[in-house]
Amino acid sequence: MNDDPEVDISEYTEVLLSSLILPDHYVKLIKRMNSAFNYSGYAGASFTVETVGNILQLAPHQVAKYPGVGKKYVDTLIAFKKELPSFLNITKQKAAIIELPPLITLLPTQLETPIAQLAFPAQYQKLIKRISVVAVHVVTVQDLINLDPTSFAELPTVGKLYVQNLIELKKQLPDLLRAQAKKFESFNSIELNEIDNILIEDIERYLWTLDERKIDIALSRWGFNHKHETLQEVANRYDIERERIRQIEKPINTQLALHLTIQPKALWANIRANMAEDLTMLLPNLAKCFATDKLFYAFIELCCQVEAGSISKIFLTKIRSEIIDLLFCSTPSPVAQEIIINELMSNYGYDKASAIHGIKQLEKSKNIKVTEQGIYPMKLARAEAVAHILASHPEGLPWKDIAKIVNAKGCSSTQMDETRSTHGFNDSEYIYLCAKGTYRNLLFLNLEQFDILEIMQHLIDYLQQKQITASHLHDYYYQTKGQRCEIEYFTLRHLVRTYGEEYGIYFEGKSNVDSVSLDPDSSHITQADVIIKVLNESKVAMTKQEIAERLKSKSVGHASFYLNNLREEGKVVRVDKMVYTTPEKAFSNIDTNAVMQVIREILNVKNVIVEADVFREYVNMELNLSYSKYIYAALLDTQLKELGWYRHNMLFSKSPIPYKNLLDMCKQLCNPKLPNDENAKILQQAVWLSDAVTTTVIQQWRRHLMTHVPD
């Protein structure tokens with residue numbers, strides 16, 4: 001045995017002693033320590049010897065003072081501490097070949113049990129979350145049993161402690177399953193509609209045990225088949241202080257859980273397994289006992305003994321309609337629900353259950369229509385409605401045809417005028433004039449092919465050479481053919497109209513005459529400074545539209561241009577797909593060191609390119625956060641130079657990246673003849689992508705192929 005006390009084993013302090021291969025006399029020592037400490041408390045407080053760190057904390061001269069701990073135990077403790085490095089090494093070598101206890105006593109139904117329905121002890125909760133992210137194929141108890149510790153250890157961000165916990169959990173699985181089976185034996189196979197009736201019977205039976213005043217307070221506060229009242233309203237009726245009502249109500253609620261046939265944890269396990277469903281439909285009879293869904297969910301939280309609001313915040317998720325409207329601006333309908341769910345998760349930080357219920361709330365408010373074919377918009381503003389229709393027409397459409405289609409499909413909150421071009425066309429950030437009276441979605445204009453600086457500089461040089469400060473744009477266009485880069489006139493018009501101001505070129509397109517002029521004070525343009533000032537003064541993050549209102553031009557296109565530049569300079573951060581703020585505000589409530597530690601673990605995987613949504617999945621899970629991928633990409637951006645890492649769009653790597661963006665990656669790697677699932681495998685072998693992003697990018701790539709958009 002290695003008895004060198006100087007060996008550093010600090011990284012193993014959280015390793016469970018039960019996972020080590022120990023001689024019987026050391027196992028007996030651990031039991032004796034726990035027995036003595038539980039009797040009298042160690043160091044004045046409750047203390048349990050469970051980990052290597054606990055053993056290291058034990059001072060032999062202090063341990064000797066406790067009942068039943070003689071000199072032999074003290075000497076054994078000293079020897080154990082010296083030999084710990086050797087035991088850790090032996091265990092590390094043998095971890096991969098540890099055999100599980102036989103599971104012959106388990107029923108096939110237990111092996112098929114989804115692990116999401118099991119109530120694991122607290123020490124394994126983090127492990128189960130990690131498995132759900134890095135080993136998505138592990139769904140049932142049988143899958144968990146089949147999960148090889150050695151293979152698990154090779155997965156990204158899986159450290160030694162996770163492997164030790166997996167080994168220990170697998171050893172304890174038979175006992176855990178038997179204990180759970182015994183605890184929930186009456187409800188393992190019970191349907192929620194049966195639970196529905198049982199709960200109502202239990203509640204009514206419980207109410208009979210209360211006196212009349214307590215019954216009245218319970219019904220009034222719950223809103224159970226009764227008008228719901230606030231604490232103050234109930235207090236006013238009884239002419240007492242509201243605090244007194246609170247004191248009466250508290251034990252009523254506590255006792256309720258004790259009178260339920262189904263234990264709170266079992267009830268919560270059933271509900272948690274059905275989080276993506278409509279709970280008011282799964283428990284219809286109980287739901288009818290409450291005037292609002294909010295009261296119903298609050299009561300369910302009470303029965304489950306979970307934190308107030310923890311269920312309702314998921315089932316009553318409110319998603320801003322603007323978020324969905326933005327998606328419809330670049331996506332033809334019907335849109336698959338899976339696409340919208342992925343959008344909400346990846347770009348806005350929602351979890352899957354919240355996204356599903358947020359969509360249901362939008363359906364209830366008639367912002368969208370959900371059908372078997374997919375989801376349709378119903379209340380788009382005119383600009384968004386026009387963009388949505390044009391998302392199905394890559395070549396563009398005349399404005400009159402667009403207006404007719406919008407009205408026929410009923411996707412706008414207001415009827416569009418079919419006699420003249422109105423709001424929604426010339427002032428839109430989503431479309432551009434691609435021919436006289438014809439508009440096209442910017443989705444189909446590949447801006448990457450243009451050198452905007454070169455285009456603007458050529459126009460400025462032309463005006464200066466002619467010694468004029470203004471000109472008709474089409475005169476410039478026809479007089480300089482062959483002298484500048486080839487570009488279609490209406491594309492040039494869009495670029496000058498959208499980006500010209502930044503270069504000191506002003507565009508005016510009234511009365512069918514497109515004129516451009518030089519701003520003599522262009523060197524003093526400080527619109528970027530205006531944006532920084534606006535964001536610093538705002539208490540909340542702002543959308544592009546809100547920022548544009550503060551600019552001289554009021555142009556969303558100009559706002560986009562400035563924001564992109566400011567993001568590249570690290571002066572502005574995109575919080576999610578819609579809103580922006582300064583780095584100081586964006587990261588003020590985030591433990592950036594903890595976030596970067598998780599990101600480093602991910603990028604420490606050899607030769608891997610990572611899409612930013614992977615950061616969202618891991619960081620949100622690891623640190624219990626709910627941010628979008630944009631904020632993590634922005635944080636990593638601030639440290640890219642220092643770390644020497646690379647970025648292309650939302651792709652990050654420690655080595656050069658051969659793809660411009662996700663669409664370029666699909667063009668290079670995917671095969672149109674293969675099904676989506678095969679192409680997904682190809683992409684995920686080349687780049688670390690979340691399932692949400694993989695599904696979305698393949699859909700976008702397919703749409704790109706169908707529209708034959710030229711690069």
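FYI, the numbering just counts along the sequence from 1. Just so you know, these numbers come straight off a predicted model, no measurement behind them.
To the nearest 0.5 Å, atom CD1 of residue Ile402 and atom CZ of residue Arg382 are 14.0 Å apart. Put simply, CD1 on Ile271 and CG on Leu283 are 6.0 Å apart, with the number rounded to the nearest 0.5 Å. A distance of 6.0 Å separates CD1 of Ile340 from CD1 of Ile368, quoted to the nearest 0.5 Å. Separating the CD1 atom in Ile324 from the CD atom in Glu343 is a distance of 7.5 Å, to the nearest 0.5 Å. Met621 CE to Ser626 OG: the interatomic distance, rounded to the nearest 0.5 Å, is 14.5 Å. For the atom pair SG of Cys666 and CG of Asn671, the computed distance is 12.0 Å after rounding to the nearest 0.5 Å.
Judged by distance alone, the side chain of Thr438 and the main-chain N or O of Cys434 form no donor-acceptor pair under 3.5 Å. No side-chain donor-acceptor contact under 3.5 Å links Asn367 to the backbone of Glu363. Without hydrogens or angle criteria, Asp196 side chain to Leu286 main chain gives a donor-acceptor distance under 3.5 Å. Judged by distance alone, with hydrogens and angles left aside, the side-chain atoms of Asn661 form a donor-acceptor pair with the main-chain N or O of Asp664 at under 3.5 Å. A side-chain donor-acceptor contact under 3.5 Å links Thr292 to the backbone of Leu295. Under a 3.5 Å cut-off, the side chain of Glu307 and the backbone N or O of Ser310 do not form any donor-acceptor pair. For the pair Asn285 (side chain) and Asn197 (backbone), a donor-acceptor distance under 3.5 Å is absent. A donor-acceptor pair under 3.5 Å is formed between the side chain of Thr543 and the backbone N or O of Glu546. One N or O on the side chain of Ser365 and one on the backbone of Leu362 form a donor-acceptor pair closer than 3.5 Å. The closest donor-acceptor contact from the side chain of Thr498 to the backbone of Leu495 lies at 3.5 Å or more, if one exists at all.
At a threshold of 4.0 Å, the pair Lys126-Glu622 counts as salt-bridged, since one of the basic side-chain nitrogens sits closer than that to a carboxylate oxygen. A salt bridge links Arg647 with Asp637: the closest approach of a Lys/Arg side-chain nitrogen to an acidic carboxylate oxygen falls below 4.0 angstrom. Between Lys400 and Asp417 there is no salt bridge, since none of the side-chain N atoms of the basic residue sits less than 4.0 Å from a carboxylate O of the acidic one. A salt bridge does not link Arg440 to Glu395: none of the charged nitrogens lies less than 4.0 Å from a carboxylate oxygen. In this structure, Lys404 does not pair ionically with Asp401, as no charged nitrogen and carboxylate oxygen lie closer than 4.0 Å. A salt bridge links Arg616 to Asp613: at least one charged side-chain nitrogen sits closer than 4.0 Å to a carboxylate oxygen.
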Test log, rule side-chain hydrogen bond (donor to acceptor under 3.5 Å, both in side chains), inputs Asp351 and Ser354: CA-CA 5 Å; Asp351 60 74; Ser354 296; 3.0 Å; yes
side-chain contact (heavy atoms from CB on, under 4.5 Å) between Val138 and Asn146, worked out: CA-CA 9 Å; Val138 178; Asn146 294 341; over 6 Å; no
Check against salt bridge (charged side-chain N to carboxylate O under 4.0 Å, His left out), Lys364 and Asp293: CA-CA 12 Å; Lys364 286 182 180 179; Asp293 289 350; 3.2 Å; yes
From CA spacing to verdict: ring-ring contact (aromatic ring centres under 6.0 Å, His included), Tyr376, Phe328: CA-CA 9 Å; Tyr376 296 83; Phe328 283 120; 8.6 Å; no
Candidate pair Val573 and Tyr630, rule side-chain contact (heavy atoms from CB on, under 4.5 Å), full reasoning: CA-CA 8 Å; Val573 169; Tyr630 289 102; over 6 Å; no
Verdict with reasoning, Glu384 to Tyr430, per side-chain hydrogen bond (donor to acceptor under 3.5 Å, both in side chains): CA-CA 8 Å; Glu384 283 74 14; Tyr430 312 113; 3.0 Å; yes
side-chain contact (heavy atoms from CB on, under 4.5 Å) between Val697 and Trp701, intermediate numbers included: CA-CA 6 Å; Val697 72; Trp701 169 67; 5.5 Å; no
Working for side-chain contact (heavy atoms from CB on, under 4.5 Å), residues Cys411 and Met378: CA-CA 4 Å; Cys411 60; Met378 295 180 67; over 6 Å; no
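Between Tyr439 and Phe425, the ring center distance clears the sub-6.0 Å criterion. For Phe290 and Phe299, the ring centers sit closer than 6.0 Å to each other. The distance between the ring centers of Trp688 and Tyr618 falls below 6.0 angstrom.
Inter-residue side-chain proximity for Ile319 and Tyr350 is flagged as met; some heavy-atom pair is nearer than 4.5 Å. You'll find the side chain of Asp325 stays beyond 4.5 Å of the side chain of Pro377, heavy atoms only. Residues Cys304 and Ile300 have side chains in contact (heavy-atom distance under 4.5 Å, counting atoms from C-beta outward). Looking at Leu442 and Ile431, their side chains never come closer than 4.5 Å, going by heavy atoms from C-beta outward. Under the 4.5 Å side-chain criterion, counting only non-hydrogen atoms from C-beta, Glu448 is in contact with Lys660. Ile602 places none of its side-chain heavy atoms less than 4.5 Å from the side chain of Val608. In this structure, Met665 and Leu683 have side chains that are in contact, with non-hydrogen atoms separated by less than 4.5 Å. Contact check for Ile359 versus Ile375: side-chain heavy atoms found under the 4.5 Å cut-off.
Glu611 and Ser690 share no side-chain donor-acceptor pair at under 3.5 Å. Checking Tyr632 against Asn620 by side-chain atom types alone, a donor-acceptor pair falls below 3.5 Å. With hydrogens and angles left out, the side-chain atoms of Ser560 and Glu429 include no donor and acceptor closer than 3.5 Å. A donor and an acceptor atom, one from each side chain of Asp691 and Gln684, are located under 3.5 Å apart. Between the side chains of Glu568 and Asn564, no donor N or O sits under 3.5 Å from an acceptor N or O.
Closest heavy-atom contact between Arg702 and Asn679: NH2-ND2, 3.4 Å. Counting all heavy atoms, side chain and backbone alike, Arg567 lies closest to Tyr580 at CD-CE2, 3.9 Å. For the pair Ile262 and Leu267, the tightest heavy-atom approach, listed with the atom from each and the gap, is CG2-N, 3.8 Å. The two atoms that bring Tyr659 and Ala686 nearest to each other are OH-CB, 4.0 Å, heavy atoms only. Considering every non-hydrogen atom in both Val335 and Thr331, the closest pair reads CG2-CG2, 3.7 Å. In terms of heavy atoms, Glu277 sits closest to His357 at O-CE1, 2.8 Å.
Around the NZ atom of Lys577, the shell of radius 6.0 Å holds more than 12 heavy atoms that belong to other residues, nucleotides or ligands.
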